[in-house]
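Reckoned from all heavy atoms, side chains included, excluding hydrogens, waters and symmetry mates. Residue numbers run from 1 in the order of the sequence given.
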Amino acid sequence: MSSSTPSSAKPEASAPILSHRQILFIIFGLMAGMFLSALDQTIVGTSMRTIADDLDGMALQAWVTTAYLITSTVSTPIYGKLSDIFGRRPLFIIAISIFLIGSLLAGMSGSMYELAIFRAIQGLGAGGLMALPLTIMGDMLAPRERAKYQGYFLAVFGVSSVIGPLIGGLFAGAPELLFITGWRWVFLINLPIGVIALAIVLRFLHIPHTRHSVRIDWWGAATVVLAVVPLLLVAEQGRIWGWASAGSIACYAIGVAGIVAFILVERAMGDDALIPLKLFKNSTFRVATILGVLVGFGMFGAMMTVPLFLQLVEGATPTESGLLMLPMILGLMISSIASGQIIARTGKYKAFPIVGTFLLLSGFFYFSFATADKPVWWMMGGMLLVGLGLGQLMQTLTIASQNAVEARDIGVATSSSTFFRQIGGTLGTAVIFSVLYTRIPDTIAAAFADKTLLANLQAASQDPAVLADPANAGILKVLQEAQAGSGSVGSALDGDTSFLVGANHDLAAPFLTGFADATVTVFWVSFAVVAVAFALSWFLKAPPLRSKSALQERTDAQAAEDAEDRRIVEEDELSLAAQRAAELAGSQLAPDTASNRIITPDQRP
């Protein structure tokens with residue numbers, strides 16, 4: 001009887017938890033949620049100048065970006081840990097709801113200060129929208145199957161990267177839509193999309209969850225804020241404050257103290273930690289996390305610098321630069337979907353981080369030959385290489401991290417991977433722009449010293465037709481101020497660059513050449529970082545992908561545990577029954593007879 005019970009429980013435990021139809025509907029809801037956060041990152045950028053002009057706060061626009069970045073980054077690991085404790089569904093619903101509230105408030109902002117606060121609220125929701133979809137995928141699907149579907153999530157990211165600038169430009173350029181100022185729709189457009197995502201999640205996202213009695217790591221959450229916020233703040237504002245200013249030094253000190261405090265708290269919390277330190281004992285998780293930081297650096301280095309190059313050097317509008325980035329997005333989609341299919345069929349993924357970092361490295365090496373006179377199609381070749389590399393890296397590193405941990409740690413592993421990739425991206429953005437704007441004065445000065453460029457500029461500045469063209473008024477003013485000593489050509493690109501729009505090519509050539517040369521330095525920095533990632537990718541151990549989803553593993557483990565409990569209970573019952581039978585067998589006659597009575601040792605005189 002005891003042997004039959006566990007065997008009969010096995011088929012029941014291994015039965016699929018969710019049907020294919022349920023999985024598809026859940027994926028639609030997750031994609032809608034991820035689309036919210038991905039679109040928000042691209043749609044706001046192209047309209048920020050219009051927003052700042054309308055709210056009279058151009059100098060404050062950096063704080064709008066910083067506020068969103070800080071809250072979304074800090075909240076990411078918190079969502080992962082809380083979802084492990086309380087379940088994915090309630091946390092995902094909370095994330096969407098907070099994001100929608102922030103979007104509504106941002107669309108009603110009356111000042112840049114209000115917008116910064118409301119963007120911070122949006123970021124609190126975005127942290128969950130970035131981490132939880134991949135975590136829920138890890139619950140529902142086995143690692144081999146997961147690779148197929150995660151490619152579609154990256155496709156969502158790609159599509160939003162293309163249409164985001166287009167929609168942002170459309171809204172920013174419209175004085176009014178449905179009696180509401182055009183730029184406010186940049187935030188309000190999230191409401192219908194979010195409501196649809198929320199409806200799908202409420203209807204279909206029902207994943208079984210066994211709540212475990214664990215301690216909530218409040219001190220871990222507090223110390224991660226103390227560690228990350230000052231460092232993100234100085235990364236975003238350090239170039240403006242000065243890297244050695246009192247404010248920057250204070251941020252460094254507080255950040256380092258926060259990191260030390262965080263490590264001590266996490267060590268004390270053990271398995272209940274916000275980011276359990278035991279995860280880093282696993283070499284696969286450790287290497288994948290470091291690769292994520294380096295890849296995040298390279299990814300943001302490309303996605304922030306290339307559009308700037310297209311706009312300033314190639315003369316594209318923000319909307320046009322979004323369209324011109326299509327080769328990168330196309331490469332990302334193709335490689336992510338193709339690698340996902342291959343991983344699903346073979347169960348092997350070790351080659352993809354190596355090939356992906358090599359292609360990313362090749363893309364930055366290709367970009368290092370960029371010049372101001374290179375045509376747009378030439379730049380597109382580098383974009384394709386970068387996209388093909390990123391597509392193989394983003395999902396593969398996430399799968400490697402998820403596959404390296406136990407089923408109960410899927411949430412915290414996924415959110416930690418996303419968290420460190422965001423840290424790498426933020427660091428990359430800060431370093432890239434610091435290097436770029438440090439180099440620009442020198443490269444522009446060198447361009448003005450070029451005899452050919454200078455001769456062409458002088459000839460154009462004496463041409464009556466050029467002088468009479470209104471489009472050249474801005475650049476002529478900059479040149480005149482520099483000549484009179486009241487301005488510097490080297491610092492001309494630090495602020496408003498609109499004087500280059502429509503300007504005569506010979507007048508603008510030194511500025512464009514200087515910016516292109518400074519950008520090449522940035523590409524070399526990214527090349528060096530990705531080269532480290534390429535070398536490290538060879539050391540990534542790739543254990544076979546598990547054939548069961550985390551949800552199935554937890555269900556089977558619980559079923560096995562229940563079966564074992566039943567077996568123990570049945571054995572105890574059999575043992576008790578045998579003991580009673582033995583006691584009865586020990587007394588051959590009725591207790592009231594005196595003949596053949598058995599004397600026990602304790603009854604002997």
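A distance-only check finds no donor-acceptor pair linking the side chain of Gln392 to the backbone of Ser335 [under 3.5 Å]. Side-chain N or O atoms of Lys278 include none that pairs as donor or acceptor with a backbone N or O of Gly270 at under 3.5 Å. At distances below 3.5 Å, at least one donor-acceptor pair connects side-chain atoms of Tyr79 with backbone N or O atoms of Leu124. Remark: the backbone N or O of Leu100 is not paired with any side-chain donor or acceptor of Asn190 at under 3.5 angstrom. Formation of a donor-acceptor pair under 3.5 Å by the Thr71 side chain with backbone atoms of Ala120 is found in this model.
Legend: residues meeting side-chain hydrogen bond (donor to acceptor under 3.5 Å, both in side chains) with Thr135, ordered by chain and number and at least two apart, are absent. In this view, Arg119 and Asp40, Gln122 satisfy the side-chain hydrogen bond (donor to acceptor under 3.5 Å, both in side chains) rule, not counting sequence neighbours. For Thr284, there are no side-chain hydrogen bond (donor to acceptor under 3.5 Å, both in side chains) partners at least two apart in sequence or on another chain. When the side-chain hydrogen bond (donor to acceptor under 3.5 Å, both in side chains) test is applied to Ser417, no partner is found at least two apart in sequence or on another chain. With sequence neighbours excluded, no residue forms a salt bridge (Lys or Arg N to Asp or Glu O under 4.0 Å) with Lys541. Contacts of Phe35 classified as side chain to side chain contact (heavy atoms under 4.5 Å, CB included), with partners at least two apart in sequence or in another chain: Leu39, Val156, Ser160, Ile163, Ile193. Judged as a ring-ring contact (aromatic ring centres under 6.0 Å, His included), and not counting sequence neighbours, Phe262 has no contacts.
Contact annotation: the side chain of Val412 approaches that of Pro276 to within less than 4.5 Å [non-hydrogen atoms, C-beta and beyond]. By the 4.5 Å heavy-atom criterion applied to side chains, Lys81 and Ile275 are not counted as neighbours. Between Ile334 and Leu330 there is a side-chain heavy-atom pair separated by less than 4.5 Å. A 4.5 Å side-chain heavy-atom check between Ile27 and Met137 finds at least one atom pair inside the cut-off. By the 4.5 Å heavy-atom criterion applied to side chains, Phe92 and Ser83 are not counted as neighbours. Residues Thr289 and Ser416 fail the side-chain proximity criterion, which asks for heavy atoms closer than 4.5 Å. Leu393 places none of its side-chain heavy atoms less than 4.5 Å from the side chain of Phe352. In this structure, Val306 and Met383 have side chains that are in contact, with non-hydrogen atoms separated by less than 4.5 Å.
Taking every heavy atom of both residues into account, Met130 and Met34 meet most closely at O-CE, 4.0 Å. Residues Glu266 and Leu274 share a closest heavy-atom pair of OE2-N, 2.8 Å. Shown here for Gly80 and Ser415, the closest heavy-atom pair between the two residues is CA-OG, 3.4 Å. Residues Ser72 and Ser75 approach most closely at O-OG, 3.3 Å, considering heavy atoms. Shortest non-hydrogen contact noted between Ser526 and Ile432 is OG-CD1, 3.6 Å. The two residues Ala197 and Gly33 have their closest heavy-atom pair at CB-N, 3.9 Å.
In this structure, the separation between OG1 on Thr76 and CZ on Arg421 is 10.0 Å, given to the nearest 0.5 Å. Atom CD1 of Ile94 is separated from atom CZ of Arg89 by 11.5 Å, given to the nearest 0.5 angstrom. Residue Leu36 holds its CG atom at 6.0 Å from CG of Leu129, rounded to the nearest 0.5 Å. Between the OG1 atom in Thr346 and the CD atom in Gln341 there is a gap of 11.0 Å [rounded to 0.5 Å]. Note that CD1 of Ile200 is 9.5 Å distant from CD1 of Ile96, once rounded to the nearest 0.5 Å. The CE atom of Met325 lies 10.5 Å from the CG atom of Leu332; values are rounded to the nearest 0.5 Å.
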Enumerate donor-acceptor pairs with a distance under 3.5 Å from any side-chain N or O in residues 225-235 to protein atoms, sequence neighbours excluded.
none

Please tabulate, for the side chains in residues 290-299, all donor-acceptor contacts under 3.5 angstrom to protein atoms that are two or more places apart in sequence or on a different chain.
none

Run the side-chain donor-acceptor check on residues 357-368: report pairs under 3.5 Å with partners two or more places apart or on a different chain.
unit_1 : atom_1 : unit_2 : atom_2 : d
Thr357 : OG1    : Pro353 : O      : 2.7
Thr357 : OG1    : Ile354 : O      : 3.0
Ser362 : OG     : Phe358 : O      : 2.8
Tyr366 : OH     : Trp378 : O      : 2.7
Ser368 : OG     : Phe365 : O      : 2.4

Check step by step if side chain to side chain contact (heavy atoms under 4.5 Å, CB included) holds for Met328 and Leu384.
CA-CA 5 Å; Met328 183 183 294; Leu384 182 62; over 6 Å; no

Using side chain to side chain contact (heavy atoms under 4.5 Å, CB included), reason through Leu264 and Val260 one step at a time and then give a plain yes or no.
CA-CA 6 Å; Leu264 293 176; Val260 173; 4.2 Å; yes

Apply side chain to side chain contact (heavy atoms under 4.5 Å, CB included) to residues Ile121 and Phe118 and explain how you reach the verdict.
CA-CA 5 Å; Ile121 295 174; Phe118 298 149; 4.1 Å; yes

Could you check Val405 against Asn282 for side chain to side chain contact (heavy atoms under 4.5 Å, CB included), going step by step and ending with a plain yes or no?
CA-CA 8 Å; Val405 302; Asn282 184 292; 6.0 Å; no

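Counting non-hydrogen atoms of neighbouring residues, nucleotides and ligands closer than 6.0 angstrom, the CZ atom of Phe539 reaches no more than 12 such neighbours.
Listed by first and then second residue, the side-chain hydrogen bond (donor to acceptor under 3.5 Å, both in side chains) pairs involving residues 216-225 amount to none (not counting sequence neighbours). The list of side-chain hydrogen bond (donor to acceptor under 3.5 Å, both in side chains) pairs with a residue in residues 243-264, not counting sequence neighbours, reads Trp243-Ser434, Ser245-Ser248.
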